[in-house]
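Quick note on labels: first sequence line is chain A, next is B, and so on, each numbered from 1.
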Amino acid sequence: MVSRDDVLAWIDELQKVYAANRQYLTDLDSAIGDADHGINMDRGFTTAKAELEKTPPADINAALKTVAMALIRTVGGAAGPLYGTFFMRAAAACANKQELDAADVVALFEAGLAGVIQRGKAELNDKTMVDALSPALEAMKQALQNGHGIKEMLQSATEAAETGMKNTIPLKARKGRASYLGDRSIGHQDPGATSSYLMIKTAADLWS
Amino acid sequence: MVSRDDVLAWIDELQKVYAANRQYLTDLDSAIGDADHGINMDRGFTTAKAELEKTPPADINAALKTVAMALIRTVGGAAGPLYGTFFMRAAAACANKQELDAADVVALFEAGLAGVIQRGKAELNDKTMVDALSPALEAMKQALQNGHGIKEMLQSATEAAETGMKNTIPLKARKGRASYLGDRSIGHQDPGATSSYLMIKTAADLWS
Amino acid sequence: MKKLINKPEDVVKESLAGVAAAHADLVKVHFDPNFIVRADAPVQGKVGIVSGGGSGHEPMHGGFVGKGMLDAACPGDVFTSPTPDQMEAATKAVNGGAGVLHIVKNYTGDVMNFEMAAELCQAEGIEVESVVIDDDVAVQDSLYTAGRRGVGTTVLAEKICGAAAERGDDLKTVADICRKVNANGRSMGMALTSCTVPMAGKPTFDIGPDEMEIGIGIHGEPGRERMKIKTAKEIVEMMGEAIVSDLPFKSGDQVIAMVNGMGGTPLIELYLVYNELNQFLKGKGITIARRLVGNYITSLEMAGCSITLLKADDQLLELWDAPVHTPALRWGV
Amino acid sequence: MKKLINKPEDVVKESLAGVAAAHADLVKVHFDPNFIVRADAPVQGKVGIVSGGGSGHEPMHGGFVGKGMLDAACPGDVFTSPTPDQMEAATKAVNGGAGVLHIVKNYTGDVMNFEMAAELCQAEGIEVESVVIDDDVAVQDSLYTAGRRGVGTTVLAEKICGAAAERGDDLKTVADICRKVNANGRSMGMALTSCTVPMAGKPTFDIGPDEMEIGIGIHGEPGRERMKIKTAKEIVEMMGEAIVSDLPFKSGDQVIAMVNGMGGTPLIELYLVYNELNQFLKGKGITIARRLVGNYITSLEMAGCSITLLKADDQLLELWDAPVHTPALRWGV
Ligand SMILES: Nc1ncnc2c1ncn2[C@@H]1O[C@H](COP(=O)(O)OP(=O)(O)O)[C@@H](O)[C@H]1O
Ligand SMILES: Nc1ncnc2c1ncn2[C@@H]1O[C@H](COP(=O)(O)OP(=O)(O)O)[C@@H](O)[C@H]1O
Ligand SMILES: [Mg+2]
Ligand SMILES: [Mg+2]
Ligand SMILES: [Mg+2]
Ligand SMILES: [Mg+2]
């Protein structure tokens, strides 16, 4: 089961992960974007963590909402509304839950991804974060059906996200800034897919 | 005696001299000015020559006036009004003369220099064309007093102008663009003094 | 990096403080969240117009806030979309009860952040319409991509919609006029040098001493083609053909033309470019009815220019000529 | 050299053609000799105001021709004084019978060429007064040298004298006001990069990637000091002290302030500089009553800025506020 504290630990760890990958994500973005994705994610999760510390949230829903608002307010660009919407919808999916079981975790990610797709209108293989999130969700659903626990479920999601992330390399971008590059976007890994992979991997490392 | 044709030959030759020294004068100006003196003199005398060819002047006065107007209209900067005034005053000094004797030649240069000084308000050792013109005039006057002919007179004037030109090297500029440089103007030969020396030397080479 | 700044992270804030100090008669600047509003906002009964985008394009948008143009501008960090809280606060600050138009340049980030802001405002009962400007002919348009970028036409749209709002048009009408401007406006840009984002500290792209980038975006995004530098005449013909053939503009058309500097190109060159554009359009039978020549939508200190043409009918010309009084654009007042 | 031009020798002519095409409602451009006049020149009974100087400083002076400012501007080649025939023709074209004021920047070439033009005009019975602007505190003043250069105060003098002439002041009064502006105005400039004169084809001076030149002239003439680049705050304090201590400006003084870009510095930085200037002057008890922030007297594409302060009394402020309608400066109309 995933408790409020597990969610807080996740955000806490995500802040460290994005700080550590700030340069890596920015370098990926400099190849096909505007060289700020790592800076954006670092800023967003640093704020999210600080807000959560300033006003400890009553429950999971409140925690995720706080993260959403922090990302929306401080990230900007494409990633701000996308991840902001992800957490806003995820929060709604957890309303009134003190703990999440495996099905709730799937519901959380499913709602989040639906928000990303509604906001960004990207389809699979547009070379965006959807290319990591979507296979991850599929893997979770499969694992849930197979009766796996949260840990295994998130581990297969992480593997699927990593594959999806790597699969963005040969793709030509059709959404976001990278799409202006046309064919020149081919051969580079999408920064948003990478930050999404890290998000799922971090959950897999912490939750069980 | 100096005839109208001698004056025309002088202008003709000056055009060649300034064309040949275009880069040299410009390089001198680039050290302490704005790198255009050679360009300016070349443009001015090319126009003067063309105008004289288009409308052949009736006499010396008309020839010098045409040169004055050409320089005023096309040289610009400091050299335009200064040399323009030189030729305008020189023309006035030759009014109604079909030929110039040694004393007339002195009068021509004396009037011209007076115009330059009135226009530019430079004194000796301000590091300007006056530093070449003024000793040259003194030398002419001396030669005239000593009963020398035009040729010898202009030869001593040339020597005096050359010495005056070289003497500008250690001077600190107090007039014109070079004066903004203060001490940084020291150690460079003044471009205007150099073009003035060339003007006198060319007369000395042609007139007798 | 050589800039007249203190710390790179303070550039936007300190520059806004300068705007506040310089133009207190025209605008008020709010910090945290950052936005610039007309000094007399909200104007009761008038449709409010809010725009915004990354900083580094000055005078756009802050320089266009004032009577007859924008009610508010939301500046993001340099070349970074502002966030929904800025737009929400700005929208509330200018809402005079007749609804608010968001004029958005078509960049994924800008579009999504404005969309969230619009949802937040609508949730609070403020009527919001959004129009996305996508006029850059350098970018291939397609339903399956992010589409064309929003560039120079934004300036013209803000002026014209501002006039419509000022005379009392309702929200739907102002939004329709904005869509009409977008439908009839086309732009293209080129660069001779790169710009340097203060936080990045180094030029956005490398370019050789004899090269230019044609079809560049206003954030230093690569353009259609990198090529050897050409004469102003050839450059204008190249960009002019791309623009004219796209709408297409036709013989007999009247246009509002903008020759816009990217920030580092001097006015003497922009007028020279305008001269070439004027000749070029004359040759096509197209008449320049109104024009702007200068720096209006820039990319920091980039050298280069863009050309915008807006096919204009009497309605648009009348709105163009209406009084405007902002820090960067002023006439009739 | 990267510029939006055709042939270097045609830059001035073709740029003037652009001005003519863009601003036919405001000005007429004459070629051979080159000068720009108000569309309604000569204005009968009004004192005419003529200025001029090398090109490359746009919008100065051509951008300041129009109602309430200059009657004519004479553009020379880039960074080269115009010639007396231009000034003579311009003076005749704007003479409405009340005499003509020549506003001249203090450079040997400009001064002497305007002097010759004045003599030519006076010989033909036109009353001409000349005022030489010499406001650059970076240059040591002395009776025995060419004196200080004329820079930013020229812009303010042209605006203020234009207003005086427009309201009907006579030649002596307008000239006296011009002298008063010059006596109360002080400027200083700095550069981060060099400019490139089109005909020269290479930068006027070399400067390291971490250096700046303080006290530079508007033609790239060397300044007071070459030093490592500093923050905007330090730069403003350095230039501010030099300017304030020179007049001196004192606590309680009101000023018209101009933060001027040299051509290649973006507006976002100029507003940041204005913010620093505002703070700096506040600390000295000096109030900015009016201001200009933007590119007004430039050095082609040079990056950098200059600061001009003019101590202003009610008379000067009233003239400053009077309507002006030119390509580059417009209010009240
Ligand atoms: N329409 C979209 N839908 C989903 N993801 C998108 C979309 N547009 C962009 N992205 C993601 O956003 C990432 C870029 O984020 P970021 O660099 O922070 O924003 P910006 O591009 O505004 O600078 C891309 O790598 C991509 O994964
Ligand atoms: N006030 C002056 N009196 C006499 N000669 C001067 C004066 N000012 C400048 N000069 C001369 O003019 C020369 C520069 O001429 P030029 O380069 O053509 O003009 P500019 O300095 O306007 O570019 C100087 O080398 C100097 O000899
Ligand atoms: Mg990015
Ligand atoms: Mg020179
Ligand atoms: Mg010169
Ligand atoms: Mg970004």
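The residues C:Glu119 and A:Arg119 are annotated as salt-bridged, a charged nitrogen and a carboxylate oxygen being separated by less than 4.0 angstrom.
Taken to the nearest 0.5 Å, the CZ atom of A:Arg73 stands 8.0 Å off from the OG1 atom of C:Thr83. Atoms CG and CE, on A:Leu82 and C:Met116 in that order, are 9.0 Å from each other to the nearest 0.5 Å. One distance of note links NE2 of C:His219 with OH of A:Tyr180; it measures 8.5 Å at 0.5 Å rounding. The structure places OG1 of A:Thr85 at 8.0 Å from CE of C:Met112, a figure rounded to the nearest 0.5 Å.
For residues 25-40 of chain A, the pairs satisfying salt bridge (Lys or Arg N to Asp or Glu O under 4.0 Å) are A:Asp34-A:Arg177, with sequence neighbours left out.
Heavy atoms from other residues, nucleotides or ligands lying under 6.0 Å from CD of A:Gln189 number more than 12. Few gaps surround NZ on C:Lys2; more than 12 heavy atoms of other groups in view lie less than 6.0 Å from it. Environment of NZ in A:Lys49: crowded, with over 12 heavy atoms of neighbouring residues, nucleotides or ligands closer than 6.0 Å. In the displayed structure, A:Lys166 atom NZ is contacted under 6.0 Å by at most 12 heavy atoms of other residues, nucleotides or ligands.
Looking at A:Thr74, only its backbone comes within 4.5 Å of chain C, counting heavy atoms on both sides. For a residue to count as touching a neighbouring chain, one of its non-hydrogen atoms must lie under 4.5 Å from one of that chain's; by this rule A:Ile72 touches chain C with backbone and side chain alike. Using a 4.5 Å cut-off between heavy atoms, C:Asp32 makes no contact with chain A at all.
Residues meeting the side-chain contact (heavy atoms from CB on, under 4.5 Å) test with A:Glu138, sequence neighbours left out: A:Lys141.
A donor-acceptor pair under 3.5 Å is formed between the side chain of C:Asn113 and the backbone N or O of A:Gly77.
For the set A:Gly120, A:Ser179, A:Gly176, the count of heavy-atom pairs under 4.5 angstrom toward chain C peaks at A:Gly176.
The closest side-chain heavy-atom distance from A:Lys175 to C:Thr108 is not below 4.5 Å.
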